[in-house]
Amino acid sequence: MSIYDSLNTEQRKAVEHTEGPVLILAGAGSGKTRVITHRIAYLMDECGVNPWNILAITFTNKAAQEMRERVDKLIGFGAESIWISTFHSMCVRILRRHIQEIGYQTDFTIYDTDDQKTLMKEVCRNLRINTKELRERTILAAISSAKDELLTPRRYQETHQYDFMQKQIGEAYEEYQRLLHKNNALDFDDLLMKTVELFNAREDILRNYQDRFRYIMVDEYQDTNTAQFELVRLLAGTKETGGRNLCVVGDDDQSIYKFRGANIRNILDFEKVYPDAFVVKLEQNYRSTQMVLDAANAVIDNNRNRKSKALWTRKQEGSRIHLRQFNTAMEEASFIAEDIERKKDLQPSLNYRDFAVLYRTNAQARLLEERLIMGSIPYNVVGGTNFYERREIKDMLAYLKVIDNGRDDLAVRRILNVPRRGIGAATVEKVSHYAVVCGDLGFFETLEKLCDGPVTGILSNAALGKIRPFVELIRSFRAELEEGASLEDLMKSIIGKTGYEEYLRDTEEEDADDRLANIDELISKIVSYEEEAQELPDFAEQAGDTSLLTGFLADVALVADIDEMDGNQDRVLLMTLHSAKGLEFPQVYIAGLEDGLFPGYLSINSDDRDAMEEERRLMYVGITRAMDDLTLTCAHSRMLRGEVQYNPVSRFVTEIPDELLDERTGLPEFSSYRTSSQWGGASRPQQSAYPRQSAYRQPAPEPPARRDTRLKAVYVKPHTPDEKKPFIGKASAGLASLQKGMPASEKPDYETGDRVRHVKFGDGTVLAMEKGPKDYKVTVLFDDAGQKIMYAAFARLEKL
DNA sequence: AAGCTATCCATCTGC
DNA sequence: TGGATAGCTT
């Protein structure tokens with residue numbers, strides 16, 4: 001009996017067809033990851049392929065990690081030498097070794113969306129672009145699409161010279177690239193484009209990688225853009241070079257990233273580019289009930305531009321799709337919270353982690369959060385405000401960036417006056433001007449020159465007196481690093497020497513504790529990065545000849561929201577439909593199903609019919625996340641940007657045949673909804689008289705009274721360390737007060753003197769515990785790692 | 001230099 | 001609604 005016996009016929013074909021181009025059209029839940037992992041195992045076990053000759057590209061770091069684990073389980077050895085990574089981290093690895101060939105330094109930094117915006121502001125200032133008429137974001141979007149299509153500034157200008165605005169964009173693009181280069185920085189799109197550029201410039205380097213990656217697999221192929229396609233095409237090579245052993249896996253029905261450059265033609269035309277491609281369709285679904293699949297098929301059937309396929313399952317028919325409509329978004333949110341509890345009561349085997357609530361826009365999370373908190377239901381929100389986008393984290397990272405790459409002007413300017421050093425805009429202006437005069441020196445370099453050299457007449461002595469300590473400070477950090485300080489030590493030194501903690505406490509007493517906790521969290525991320533790097537045999541190879549710090553900063557720049565998701569905690573998960581791709585849950589809610597919200601008004605008003613088709617694919621992705629039970633909800637009115645909006649029921653709901661939708665069991669007051677005219681099966685929602693009053697005037701069902709106490713009991717259960725994350729994102733700042741009352745800040749089950757265990761630091765003794773406003777601050781003396789002060793909620797200490 | 005208020009205006013989705 | 005920013009005050 002072999003590991004391949006568990007595969008179905010089609011899966012097995014896909015696994016065993018190892019040579020030449022292969023296209024696997026894998027419907028949702030058709031065991032795609034199984035196929036890829038088994039294929040890798042097959043290559044190594046049966047075909048004698050070396051693990052280091054295999055490259056597998058996934059969409060997220062999380063997927064990469066999971067794939068490595070699964071391959072590891074399958075073959076037991078050698079999996080660590082396979083390249084499994086995302087496009088972006090693969091490009092970073094390659095560029096770290098070779099980017100000097102195309103004129104950058106190997107310790108380049110990566111700019112995130114925020115940095116891009118800051119840089120673009122400077123571009124617009126330099127070029128006197130009126131940002132009222134042409135917004136930075138518009139320019140950035142245009143540049144991003146250009147890069148996705150591998151258009152250089154020059155090529156862009158050649159093809160966009162007739163329209164004034166496009167001409168301006170062309171110039172902005174050129175200037176933007178100049179500044180990026182000056183800062184030795186790349187943006188996300190550059191990572192791909194520069195790698196292609198490198199391969200085109202240096203055939204020998206390309207040949208090198210072609211020789212190395214004899215077998216290439218690309219997951220989520222429907223979401224690749226032109227640059228990614230080109231990259232893969234180059235690496236796969238020809239029969240002579242590289243071998244063309246390229247296997248792509250995807251589902252055109254799940255292509256949902258057009259807005260970020262994904263080109264659905266990549267998958268639709270794969271057979272045109274590779275006429276000899278072997279094509280396999282995986283249509284058997286192992287995830288969902290027939291009812292869910294029927295709904296998904298019915299919806300996606302309205303799309304014209306697709307390869308036809310139909311999912312089927314051997315799973316039971318399942319219960320019908322639940323559809324609930326409410327007056328307001330508040331009621332909708334309440335219902336979801338209550339329904340989760342109701343289902344758990346009905347089916348005690350269900351855990352919180354079996355539930356996911358999906359929505360179109362991150363803004364919807366807020367209301368849902370509020371109601372979940374009110375119901376004491378533990379949850380996590382995926383995404384929204386990324387951890388690394390928080391101000392205090394960006395400040396810390398900026399220090400690290402300046403220490404690492406003195407040419408990153410943005411970072412220097414960010415921290416120059418943080419904490420306050422009395423260095424203001426006037427001084428910055430003078431310094432940047434002088435930098436230009438000196439022939440485009442870096443900002444920090446200029447500061448150094450002003451401090452060290454006998455330059456006079458630029459800055460007042462008062463200003464110099466403020467700048468000098470800053471320059472010295474950065475130099476001292478660099479010295480520490482050179483003398484072998486760990487990144488952890490460095491971070492602590494930064495906090496200590498800058499007085500960042502006091503700065504936070506002085507300026508924003510309100511959430512200073514949250515922010516400090518975030519910084520603690522950053523430190524523990526650094527610690528685990530350092531540990532992992534030490535364990536990794538080929539770290540040096542990955543990093544080129546750059547430092548640990550450079551590596552850490554790059555890693556940080558490339559984390560996606562979904563990478564941070566922890567599915568192991570017993571919590572309901574809230575996330576956008578986009579983030580949900582690739583995941584599955586027994587119980588799924590899709591909220592906010594209203595025309596104007598989902599599909600969004602932009603796609604409704606768009607001339608491009610494909611915009612609507614993309615929304616529909618998103619709906620398809622949402623539906624197919626459900627294993628057993630799917631609940632669709634919508635509201636007549638919801639508050640959007642400060643005003644109440646009235647939207648008709650989503651057209652996607654009406655695309656689901658009546659017989660797949662349930663009777664409103666248990667909630668009789670809702671049964672009238674379905675009988676109103678707009679719920680008539682396939683008929684389009686009449687965009688008619690909103691708001692409609694009479695039929696919908698019923699209050700949200702009251703929660704059963706007993707619920708609260710019972711829940712709290714669950715919540716506090718000692719073996720369920722369901723701590724709230726101390727940080728409260730911008731998006732949910734208003735929830736902070738609600739959360740304060742939560743049992744989350746319950747006293748930990750250990751006390752001073754107890755022995756405890758930490759995931760990273762090992763065992764230790766609690767020296768002190770101090771109650772902060774939201775959480776306990778615990779001081780622990782670890783046997784190996786020394787003394788640490790941490791927040792109880794983060795530390796996740798386990799009493800021994 | 002830094003903190004405050006008034007005013008504008010907009011954002012879907014994310015590496 | 002709330003964030004970003006311009007312009008004002010101290």
Side-chain angles (χ1 to χ4, degrees), chain A residues 57-64 85-92 110-114 116-118 121 131-132 135-138 140-141 144 147-148 186-192 220 223-225 227-228 255-262 358-367 382-386 388-389 417-418 420-428 462-463 466 506-508 554-563 575-581 592 596-606 611 614-615 617-619 621-622 638-645 730-731 733-734:
Chain A
I57 300 174
T58 58
F59 201 64
T60 63
N61 295 304
K62 186 181 164 60
S85 72
T86 65
F87 271 106
H88 291 274
S89 22
M90 173 181 80
C91 288
V92 171
I110 301 165
Y111 277 180
D112 65 17
T113 319
D114 234 43
Q116 289 179 284
K117 219 175 145 200
T118 315
K121 274 184 195 155
T131 53
K132 284 259 153 61
R135 288 177 205 301
E136 288 96 341
R137 47 180 306 118
T138 314
L140 281 169
S144 178
K147 288 181 177 177
D148 289 342
L186 303 185
D187 66 18
F188 290 131
D189 304 312
D190 277 340
L191 294 176
L192 305 167
E220 305 287 7
D223 284 320
T224 52
N225 63 31
Q228 289 163 333
S255 165
I256 54 174
Y257 281 102
K258 184 168 186 216
F259 71 93
R260 112 186 169 196
L358 311 181
Y359 38 78
R360 180 67 234 270
T361 66
N362 279 124
Q364 291 166 257
R366 204 175 171 153
L367 216 54
V382 175
T385 31
N386 188 318
Y388 295 102
E389 281 162 19
N417 201 30
V418 174
R420 309 261 118 95
R421 298 188 178 90
I423 306 171
T427 309
V428 172
K466 289 168 182 165
D506 290 348
T507 49
E508 41 202 315
D555 253 34
V556 158
L558 296 179
V559 290
D561 288 335
I562 197 70
D563 296 334
M575 69 185 93
T576 62
L577 288 143
H578 281 90
S579 293
K581 193 177 71 164
L597 187 63
F598 185 27
Y601 65 97
L602 290 167
S603 46
I604 293 175
N605 297 330
S606 170
E614 172 132 330
E615 292 284 299
R617 291 193 290 268
L618 194 53
M619 179 67 177
V621 167
R638 77 173 61 231
M639 190 79 110
L640 213 66
R641 297 206 292 259
E643 56 183 335
V644 182
Q645 298 223 330
K730 265 193 251 166

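In what follows, every heavy atom counts, from backbone to side chain, and hydrogens, waters and symmetry copies are set aside. Just so we're on the same page: letters track the sequence lines, and every chain starts at 1.
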Which part of the nucleic acid, if any, lies within contact of A/N417, taking any heavy atom under 4.0 Å across all strands shown: a base, the sugar-phosphate backbone alone, or nothing? sugar-phosphate
Sorted by chain and residue number, the ring-ring contact (aromatic ring centres under 6.0 Å, His included) partners of A/Y359 (sequence neighbours excluded) come out as none
Could you list the residues that satisfy salt bridge (Lys or Arg N to Asp or Glu O under 4.0 Å) with [X], not counting sequence neighbours?
X: A/D189; result: none
X: A/D187; result: A/K147
X: A/D561; result: none

| query | Between A/F87 and A/F188, is the gap from one ring center to the other below 6.0 Å? | reply | no
Separation of B/dA2 atom P from A/D506 atom CG, nearest Å, is 13 Å
Query raised in the report: Relative to each other, are the rings of A/F259 and A/H578 parallel, tilted or perpendicular (30° and 60° limits)?
Result: perpendicular
Is a side-chain donor or acceptor of A/T224 paired with a backbone partner of A/E220 at a separation under 3.5 angstrom?
-> no
In B/S/- notation (B base, S sugar-phosphate only, - none; protein heavy atoms under 4.0 Å), nucleotides 5-10 of chain C written 5' to 3' is S-----
A correct 5'-to-3' footprint of nucleotides 10-15 of chain B, with B, S and - meaning base, sugar-phosphate only and no protein heavy atom under 4.0 Å, is BBBBBB
inquiry  = Between B/dC12 and C/dT5, how far apart are the two C1' atoms, rounded to whole Å?
reply    = 24 Å
B/dG3 OP1/OP2 closer than 4.0 Å to side-chain N/O of A/R420: yes
